[in-house]
Amino acid sequence: AINLDKEPEALEALEDSKASVKMGFGKARDGKVCPVNAQSEYAYRLGIDDDLKFRTNQKTYQEICFEQVGLEFKKEDYDFSPGEENLNLANTALKERGFDPFKRNKRVIGLNTGSGNRFAGKKLSPGQYKTLAEKLHAKLNADIFLLGGEDEKERNAWIQKNAAMPIVNTGSHSIQVFSGIVKACDLVVTGDTTAMHIAIAMKVPVLAYFASTCASEIELYGRGRKMVSQIICAPCYKKICPIDEKCMADMDLDELTEKAAQTLKDYAIRVS
């Protein structure tokens, strides 16, 4: 370790070193944001060029970020673990809701029913989730988990109450315990949400549907499928939709069910 207060030469060398490895974004003399290295030019253009971001780009977030620092993305995976204690808490929470993870005899499909409020067009209606749950149960003889947090309490309670078969409403938990609940699933069906990223991190197969955000930017690491709305205005990244989220209303639940079945078949992580 170097005491920089007492080593001015070291401080000078450090500043020179910093100057030689600038990367990412900064401010130009006119105050506008600009890329500070050539490798960040593409990421910068994605922020200002809708045609590139919405229609042309096929690079994932990971590829773009690696590119910015001059590295090649080689499918480096998420590095996240909830820890043994939180996995145990997740199992306890499931047992309290009538599901014993150690005595399972069916596939488990988690339906993540929320998406936050930043963008429109990222979640189905409660009625659609109810119908989807029924279709998945009927076609795949699967147990259904309702995933979510505080914002999904009311909708998940409604879905559970009105579904034609028993559903496990997993409740609201910390991210770490929620991750353990996700780990108990064989498949997670979700929009472009935090739950999607947690499922990816927990190496649980994912069926992700997209409308308002860019599917091409999401890396599934060969463990899932994407279903992308073909509505002409998608993607849009709008917070408030001027056409009542028609992209979600038009999402084909039969197609989602078929894709879920195929994803379970192709990326199974357990044997029933």
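- No option in Q262, K259, K226 other than K259 meets the side-chain contact (heavy atoms from CB on, under 4.5 Å) test with L207.
- Here the shortest heavy-atom pairing between F54 and C214 reads CD2-SG, 3.8 Å.
- Taking a 6.0 Å sphere around CG of N117, one finds it holds 12 or fewer heavy atoms contributed by other residues, nucleotides or ligands.
- A donor-acceptor pair under 3.5 Å links the side-chain atoms of Q128 to the main chain of M248, judged by distance alone.
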*Given side-chain contact (heavy atoms from CB on, under 4.5 Å), test Q176 with E85 step by step and report yes or no.*
CA-CA 9 Å; Q176 290 80 5; E85 180 181 354; over 6 Å; no
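- A donor-acceptor contact under 3.5 angstrom links the side chains of Y221 and Q62, judged on distance only.
- Inter-residue side-chain proximity for E258 and M227 is flagged as unmet; no heavy-atom pair is nearer than 4.5 Å.
- Side-chain contact between L111 and L136 is present, with at least one heavy-atom pair separated by less than 4.5 Å.
- A donor-acceptor pair under 3.5 Å links the side-chain atoms of Y129 to the main chain of L124, judged by distance alone.
- For the pair E217/N57, a side-chain contact is recorded, criterion being any heavy-atom separation below 4.5 Å from C-beta on.
- Between the R97 side chain and the N169 main chain, a donor and an acceptor come within less than 3.5 Å of each other.
- Not one N or O on the side chain of D77 forms a donor-acceptor pair closer than 3.5 Å with the backbone of A201.
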*Could you walk me through whether M202 and Y78 pass the side-chain contact (heavy atoms from CB on, under 4.5 Å) test, one step at a time?*
CA-CA 8 Å; M202 301 306 294; Y78 288 51; over 6 Å; no
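- At distances below 3.5 Å, at least one donor-acceptor pair connects side-chain atoms of D100 with backbone N or O atoms of F102.
- Counting heavy atoms from C-beta outward, V108 and C185 have side chains that approach closer than 4.5 Å.
- For the residue pair S40 and Q68, a side-chain donor N or O sits within less than 3.5 Å of a side-chain acceptor on the partner.
- Listed for the N112 side chain is a donor-acceptor partner under 3.5 Å among the backbone atoms of G114.
- Expressed to the nearest 0.5 Å, how far CG of L146 lies from OG1 of T170 amounts to 7.0 Å.
- For Q39 (side chain) and G70 (main-chain N/O), no donor-acceptor pair under 3.5 Å exists by modelled atom type.
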*asked:* If you apply the rule side-chain contact (heavy atoms from CB on, under 4.5 Å), what do you find for I218 with F210, and how did you get there?
replied: CA-CA 10 Å; I218 300 302; F210 296 84; 3.6 Å; yes
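- Here K130 contributes atom NZ and L253 contributes atom CG; the two are 11.0 Å apart, rounded to the nearest 0.5 Å.
- Between atom OH of residue Y209 and atom OG1 of residue T190 there is a gap of 6.0 Å, rounded to the nearest 0.5 Å.
- A salt bridge does not link E41 to R45: none of the charged nitrogens lies less than 4.0 Å from a carboxylate oxygen.
- When all heavy atoms of L87 and P82 are compared, the pair lying nearest together is CD2-CG, 3.7 Å.
- Atom OG of S229 sits about 9.5 Å away from atom NZ of K246, to the nearest 0.5 Å.
- Of the candidates Y42, F73, Y61, F66 forms a ring pair (Phe, Tyr, Trp, His ring centres under 6.0 Å) with just one, namely F73.
- Side-chain contact between S125 and R155 is absent, with no heavy atoms from C-beta onward closer than 4.5 Å.
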*Under the side-chain contact (heavy atoms from CB on, under 4.5 Å) rule, what do R225 and D266 come out as? Steps first, then yes or no, please.*
CA-CA 10 Å; R225 275 187 169 74; D266 291 347; 2.8 Å; yes
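- Salt-bridge check for K123 with D151: failed, with every basic side-chain N at 4.0 Å or more from each acidic carboxylate O.
- Looking at M196 and V188, their side chains never come closer than 4.5 Å, going by heavy atoms from C-beta outward.
- Counted within 6.0 Å of CG on D30, heavy atoms from surrounding residues, nucleotides or ligands total more than 12; the atom is thus considered enclosed.
- Using modelled atom types, one side-chain atom of S172 and one backbone atom of E150 make a donor-acceptor pair closer than 3.5 Å.
- In terms of modelled atom types and a separation under 3.5 Å, the side chain of E152 and the main chain of G149 share a donor-acceptor contact.
- Heavy atoms of other residues, nucleotides or ligands lying less than 6.0 angstrom from CD1 of I48 number more than 12.
- Separation of atoms CG (L46) and CD1 (I64) is listed at 5.0 Å; rounding is to 0.5 Å.
- Considering all non-hydrogen atoms of both residues, N156 and L147 come closest at ND2-O, 3.5 Å.
- In K53, the NZ atom is crowded: over 12 heavy atoms of neighbouring residues, nucleotides or ligands sit closer than 6.0 Å.
- Hydrophobic clustering (side-chain heavy atoms under 4.5 Å, transitive across Ile, Leu, Val, Met, Phe, Trp, Tyr) groups I175 together with V182.
- In this structure, E76 and K74 approach most closely via the heavy-atom pair OE1-N, 2.7 Å.
- Within the 3.5 Å criterion, the main-chain N or O of A157 finds no donor-acceptor partner in the side chain of Q160.
- Hydrophobic clustering of Ile, Leu, Val, Met, Phe, Trp and Tyr side chains at less than 4.5 Å, counting indirect connections, keeps I240 apart from I231.
- Scanning all heavy atoms of the two residues, the minimum distance from I243 to C233 falls at CD1-SG, 3.9 Å.
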